[in-house]
S.K.: 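Attaching a single structure in structure tokens format; questions to follow.
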Amino acid sequence: MKDLLRTADLSRADVELLLETSAEFAAKPLSANTALANRTVAIYMTKPSTRTRLASETAVAHLGGTPIFIRGDELQLGRGETLADTARIISGYASALIIRTFAQSDVDELGANTTIPVINGLTDDDHPTQLLADWVTIREQFGKDISGRKFTYVGDGNNMAHAWLTMGAIMGAHVVVATPGGKYAPDANALDVAKEIAKNSGATIEVVTDPEAAAKDASVLYTDVWMSMGDPENERSEKLKALSPFAVTPALMSLTTPDSIFMHCLPAHRGEEVEVDVIDGPRSVIWREAYHRRTTIQAILYHLVRGELSGH
Ligand code: CP
Ligand code: NVA
């Protein structure tokens, strides 16, 4: 496996290795501090980022390398240079490329035209590095045995919902995604991918429109912003109205198991998709989850650059 272009690229064995290494990097951040010595990692983002950018830059530093951060408007791409040419150039300088952008097809094209690993740092369709951080955090809470547990995401059927379904499928989990349906449902293609993986992993995949039923007896209640980067502003009020029954309130949380946790990839909009009493309450693990963005990106870089992930 050369690249991490989408969550579905990862095999269960890859995820297990990455979770293990992330836990090691959490305990000992500098345990591989020469892995990228004298090497660079390019981080190219055409959308804003707080966590993914900081986690990526610190991860590279902890591996002894130098991050090169490039904003979307800074490359000759904006003046008509092709993605393929850009990919060849970056391959000549850097040992890996972390990319955050809109179209998944751009990430795929970069992967196809680079000789170095390309890592998806979020697209409109997927967010694989986030899901690894989420699952390290889940494992810290519940351990390896997740039988009988339900992992619920409520909200918009966006990149996070897709990644939630796919990673849950890989992990053999009972995953539930509750959205208002229609244009806010997860993409059919993402659901098909998760269902295909679930055939072999034993996962149970449910996509529903009832937030209460989805929250009932869940061990994890996860949500994300209702307006994602790139969503049309002129549809904001319609979208917020459609999503309002999916807000994570103390009442929704009270339907979950006694040991349940609240998760959110962040950034959050308190009072919109989640109420303050939940996100800042005792069941919220958001800060640990955000912390693991660094440990997991560090693990991904470490193993991908060494060619140690097998993929499917
Ligand atoms: N969760 C996440 O990807 O955060 P950023 O958008 O700040 O990188
Ligand atoms: N769905 C959100 C995730 C942010 C990490 C977005 O794409 O903006």
Side-chain angles (χ1 to χ4, degrees), residues 4-7 22 41-60 67 69-72 97-107 119-138 153-167 177-180 183-187 190 220-233 235-236 239-240 242-243 246-248 262-270 272-274 279 284-301:
L4 176 53
L5 303 177
R6 44 176 52 73
T7 307
S22 300
V41 173
I43 304 162
Y44 173 60
M45 295 190 168
T46 70
K47 284 175 172 172
S49 171
T50 298
R51 281 144 291 270
T52 312
R53 177 184 178 171
L54 283 159
S56 298
E57 295 210 34
T58 22
V60 175
F69 184 78
I70 311 156
R71 275 168 46 135
L97 167 65
I98 299 172
I99 159 101
R100 163 170 290 200
T101 194
F102 296 84
Q104 179 68 37
S105 56
D106 285 353
V107 175
I119 298 162
N120 178 343
L122 183 145
T123 60
D124 291 346
D125 293 349
D126 208 340
H127 199 1
T129 64
Q130 176 69 50
L131 262 293
L132 284 162
D134 296 340
W135 274 86
V136 182
T137 312
I138 288 170
Y153 169 102
V154 289
D156 187 22
N158 59 14
N159 45 9
M160 276 307 307
H162 300 161
W164 185 251
L165 287 169
T166 310
M167 188 61 92
V177 164
T179 75
K183 63 180 175 181
Y184 306 120
D187 290 352
V220 174
L221 209 47
Y222 199 113
T223 195
D224 182 19
V225 289
W226 289 344
M227 287 293 285
S228 283
M229 294 179 278
D231 278 355
E233 265 311 310
E235 293 178 15
R236 177 183 284 272
K239 190 168 189 186
L240 267 45
L243 279 153
F246 293 79
V248 182
F262 170 76
M263 302 183 78
H264 193 310
C265 55
L266 305 179
H269 290 100
R270 288 171 175 76
E272 220 168 86
E273 76 275 5
V274 58
I279 193 167
S284 173
V285 295
I286 55 166
W287 306 125
R288 188 66 179 167
E289 190 183 356
Y291 170 79
H292 276 307
R293 299 301 311 285
R294 188 269 299 166
T295 68
T296 43
I297 292 177
Q298 194 176 345
I300 295 162
L301 281 169

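In each ligand, atom 1 is the first atom listed, and ligand 1 is the first ligand listed. Everything numeric in this text was worked out from a predicted model, so none of it was measured.
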S.K.: Side-chain contact test, heavy atoms from C-beta onward, threshold under 4.5 Å: evaluate it for Thr46 versus Phe102 and give yes or no.
M.R.: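 The answer is yes, as the side chains (C-beta and beyond) meet within the 4.5 Å cut-off.
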
S.K.: If we set the cut-off at 4.0 Å for heavy atoms, which region of Asp124 has an atom near ligand 2: side chain, backbone, both, or neither?
M.R.: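 Looking at Asp124 and ligand 2, no heavy atom falls under 4.0 Å.
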
S.K.: Look at atom 7 (O) of ligand 2 and say which protein heavy atom is nearest, naming residue and atom and giving the distance to 0.1 Å.
M.R.: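 Here the nearest protein heavy atom works out to Asn159 ND2, 2.9 Å.
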
S.K.: Is the closest heavy-atom distance from Arg293 to ligand 1 below 4.0 Å?
M.R.: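 Yes, that is the case, since the closest heavy atom of the residue is under 4.0 Å from the ligand.
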
S.K.: Taking the minimum heavy-atom distance to atom 2 (C) of ligand 2, which of Cys265, Ser228, Gly121 ranks first?
M.R.: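 Nearest option to atom 2 (C) of ligand 2, by heavy atoms: Ser228.
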
S.K.: For Asp126, run the side chain to side chain donor-acceptor pair (under 3.5 Å) check against Thr166, Asn159, Asn158, Thr7 and tell me which one passes.
M.R.: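 The option that passes is Thr7.
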
S.K.: Arg53 versus ligand 1: do any nitrogen or oxygen atoms come within less than 3.5 Å of each other?
M.R.: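 It does not: no N or O of Arg53 is found under 3.5 Å from an N or O of ligand 1.
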
S.K.: Would Arg100 count as being in polar contact with ligand 2, using the rule that some N or O on each side must be under 3.5 angstrom apart?
M.R.: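 By distance alone, the answer is no.
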
S.K.: Testing the basics here: between Val225 and Asp156, what is the closest heavy-atom pair and its distance to 0.1 Å?
M.R.: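 Answer, listing the atom of Val225 first, then Asp156: O-CB, 4.3 Å.
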
S.K.: Does Arg53 qualify as a cation-pi partner of Phe69, given the criterion of NZ or CZ under 6.0 Å from the six-membered ring centre and within 45 degrees of its axis?
M.R.: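 Yes, Arg53 lies over the aromatic ring of Phe69.
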
S.K.: For residues Cys265 and Tyr222, report the shortest heavy-atom separation together with the two atoms involved.
M.R.: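 Minimum heavy-atom contact is CB-OH, 3.3 Å.
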
S.K.: Does the side chain of Glu273 come under 3.5 Å of the side chain of His264 through a donor N or O and an acceptor N or O?
M.R.: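 Yes, because at least one side-chain N or O of Glu273 sits under 3.5 Å from a partner of the opposite role on His264.
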
S.K.: Contact between Val154 and Thr179 at the side-chain level, heavy atoms closer than 4.5 Å - yes or no?
M.R.: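 Not in contact.
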
S.K.: Give a yes or no on whether a salt bridge exists between Asp125 and Arg6, defined as a side-chain N under 4.0 angstrom from a carboxylate O.
M.R.: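 Salt bridge between Asp125 and Arg6, a charged N being under 4.0 Å from a carboxylate O: no.
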
S.K.: For Asp124, is there an ion pair with Lys47 - N to carboxylate O distance below 4.0 angstrom?
M.R.: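 Between Asp124 and Lys47 there is a salt bridge, with a charged N closer than 4.0 Å to a carboxylate O.
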
S.K.: For atom 4 (C) of ligand 2, what's the nearest protein heavy-atom neighbour? Residue, atom name and distance, please.
M.R.: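 Minimum-distance protein heavy atom for atom 4 (C) of ligand 2 reads Leu122 CD1, 3.9 Å.
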
S.K.: Within ligand 1, which atoms have a heavy atom of His127 less than 4.0 Å away?
M.R.: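 Those of ligand 1 that fall under 4.0 Å from His127 are 2 (C), 3 (O).
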
S.K.: Counting heavy atoms only, which of Asp156, Asp224, Asn158 comes nearest to atom 3 (C) of ligand 2?
M.R.: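 Looking at heavy atoms only, Asp224 sits closest to atom 3 (C) of ligand 2.
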
S.K.: Is the closest N or O pair between Leu266 and ligand 1 shorter than 3.5 Å?
M.R.: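 Yes - when backbone and side-chain N and O of Leu266 are compared with those of ligand 1, one distance drops under 3.5 Å.
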
S.K.: Has ligand 2 got any nitrogen or oxygen that is less than 3.5 angstrom from a nitrogen or oxygen of Val225?
M.R.: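 Val225 vs ligand 2: no N/O contact under 3.5 Å.
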
S.K.: Would Thr52 count as a contact of ligand 2 if the rule is a heavy atom under 4.0 Å away?
M.R.: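 Distance cut 4.0 Å: Thr52 fails for ligand 2.
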
S.K.: Checking the N or O distance criterion of under 3.5 Å, is ligand 1 in contact with Cys265?
M.R.: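 Yes, Cys265 has an N/O under 3.5 Å of an N/O on ligand 1.
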
